[in-house]
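Heads up, the thing below is written out as structure tokens.
Since the model is a prediction, treat every value here as computed from it, not as a measurement. When a residue number appears, it is its place in the shown sequence, counting from 1.
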Amino acid sequence: MSVEETDTEVILTHPENSKTFVKILKYGATVYSWSLEGQEQLWLSSAAKLDGSKPVRGGIPLVFPVFGKNEDDEFLSKLPQHGLARNSTWEFLGQVSANPPTVQFGLGPELANPELTKLWPMDYSLILTVELGSGHLKTHIEVSNTSSSQPLKFNWLFHTYLKIADIEDTLVSNLTGAKLYDQMLQESYVDRQPVVSFHEELDRIYQRVQEDRLIQVIDKGHPIHTVKRHNLPDVVTWNPWVEKSKGMADFEPKSGFKEMVCVESGHVHSLLELQPGQSWTAYQLLYKDELNYQVL
Ligand SMILES: O=P(O)(O)OC[C@H]1O[C@H](O)[C@H](O)[C@@H](O)[C@@H]1O
């Protein structure tokens, strides 16, 4: 069986290789494991809560309707960091294709975390589609404004924790020339470095990165992850390094920051706005590719 559902999760296995699979928790519709031919591709904290008591520390948490904390919007500003999708239990809508195995999950205000829904009383519908290829993982989102009168304002982001061998041997490419907001320095500038390298906590929001730029994670010269984005112009790169990791109770082992890098595809620099009845779609595709320096 390529799709297996339990009370708490859904597991897709590729029909051509039983060692290629993806595990998706209904809580947050969080992909928390993606194995490609037996090799895990995503980082997951050994202290991550998979019981619905807290958003998952690792995998691909979904960030909606706000990235970080919003300070300006009357309703979004009431929500906790990164919104409510990652702390709500989604409905499993079933399988939509056998090969590549593809499933859907749905969320709307009637299902979402009730405490948070009180703070952000909007009408919306989310459909997440997860497609497991023999060599890729595609996560596709459709957001619809189901209100008959109110506009829907939101951010979206796939908060992807990629597994790596050693952060100090890791580079992230093809962000050169993009404007960014550096959350550590709390200032904006244009990145003139040929690649991003990591020597301390790094938390950057790259803005309006052209869609044809493939973001690659490079380990000692070899590309180990390639991220393709559609309708997701902003790219957040994050590594918590030593001190921030110590401060996160669900981040274990404490040396785990060496084996992860977040490359997060989103629409977070500005809010999207849908009029009643409108929908918006986007996707992130994770796969392996040749080294492809598009900008130096
Ligand atoms: O601890 P969380 O709420 O999951 O956030 C984890 C991280 O998410 C993003 O990468 C932000 O840019 C970081 O500033 C934040 O620390």
Mind telling me whether F67 and H82 have parallel, tilted or perpendicular rings, with 30° and 60° as the class edges?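 It falls in the parallel class, under 30°.
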Can you label the angle between the F64 ring and the Y124 ring as parallel, tilted or perpendicular, going by 30° and 60°?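 Judged by the thresholds at 30° and 60°, the geometry between F64 and Y124 is tilted.
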Might you work through the side-chain hydrogen bond (donor to acceptor under 3.5 Å, both in side chains) test for Q186 and Y181, ending with a clear yes or no? CA-CA 7 Å; Q186 303 207 340; Y181 180 72; 4.6 Å; no
Would you say the side chains of [X] and [Y] form a donor-acceptor pair under 3.5 Å?
| X | Y | value |
| --- | --- | --- |
| E40 | S33 | yes |
| H136 | E131 | yes |
| S144 | Q278 | no |
| Q294 | N174 | yes |
| R57 | Y161 | yes |

Heavy-atom pair of closest approach, residues [X] and [Y]:
| X | Y | result |
| --- | --- | --- |
| P223 | E290 | CG-C, 3.8 Å |
| N292 | Q216 | N-OE1, 2.8 Å |
| P100 | L132 | CB-O, 3.2 Å |
| L232 | Y283 | CD1-O, 3.3 Å |
| L107 | A85 | CD2-CA, 4.1 Å |
| K288 | T226 | C-OG1, 4.2 Å |

Does atom [atom1] of [X] have more than 12 heavy-atom neighbours from other groups under 6.0 Å away?
| X | atom1 | value |
| --- | --- | --- |
| E211 | CD | yes |
| E71 | CD | no |
| K26 | NZ | yes |
| K179 | NZ | no |

Heavy-atom side-chain contact between [X] and [Y] under 4.5 Å:
| X | Y | answer |
| --- | --- | --- |
| I60 | L286 | yes |
| N231 | W156 | no |
| V263 | V235 | yes |
| D72 | S77 | no |
| P101 | H14 | yes |

With sequence neighbours left out, what residues match F251 under ring-ring contact (aromatic ring centres under 6.0 Å, His included)?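 For F251, the residues satisfying ring-ring contact (aromatic ring centres under 6.0 Å, His included) (neighbours in sequence not counted) are W43.
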Using atom types as modelled and distance alone, determine if a side-chain donor or acceptor of [X] lies under 3.5 Å from a backbone N or O of [Y].
| X | Y | result |
| --- | --- | --- |
| D234 | V268 | yes |
| E142 | H140 | no |
| K258 | E168 | no |
| S46 | E252 | yes |
| R229 | R213 | yes |
| D182 | L185 | yes |

Salt bridge R204-D191, side-chain N to carboxylate O under 4.0 Å: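 Here R204 pairs with D191 in a salt bridge, since their nearest N and O are under 4.0 Å apart.
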Apart from F21 itself, what residues make up its hydrophobic cluster, given side-chain heavy atom links below 4.5 Å?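 Besides F21, the hydrophobic cluster comprises nothing; the residue is isolated.
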Check step by step if side chain to side chain contact (heavy atoms under 4.5 Å, CB included) holds for L12 and V103. CA-CA 8 Å; L12 309 187; V103 291; 3.4 Å; yes
W241/F257 aromatic ring centres below 6.0 Å: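 Judged by ring-centre distance (under 6.0 Å), W241 and F257 do meet the cut-off.
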Could you check F158 against V63 for side chain to side chain contact (heavy atoms under 4.5 Å, CB included), going step by step and ending with a plain yes or no? CA-CA 6 Å; F158 293 106; V63 171; over 6 Å; no
Decide side chain to side chain contact (heavy atoms under 4.5 Å, CB included) for F105 and L93; before the verdict, give the C-alpha distance in whole Å, the side-chain angles of both, and the deciding distance to 0.1 Å. CA-CA 5 Å; F105 294 82; L93 301 175; 5.6 Å; no
Enter the distance from L42:CG to T30:OG1 here, rounded to the nearest 0.5 Å.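 It comes to 11.5 Å.
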Checking K220 against D169 for the salt bridge (charged side-chain N to carboxylate O under 4.0 Å, His left out) test, could you report, in this order, the C-alpha distance in whole Å, the side-chain angles of both residues, the deciding distance, and whether it holds? CA-CA 6 Å; K220 297 196 210 76; D169 292 333; 3.8 Å; yes
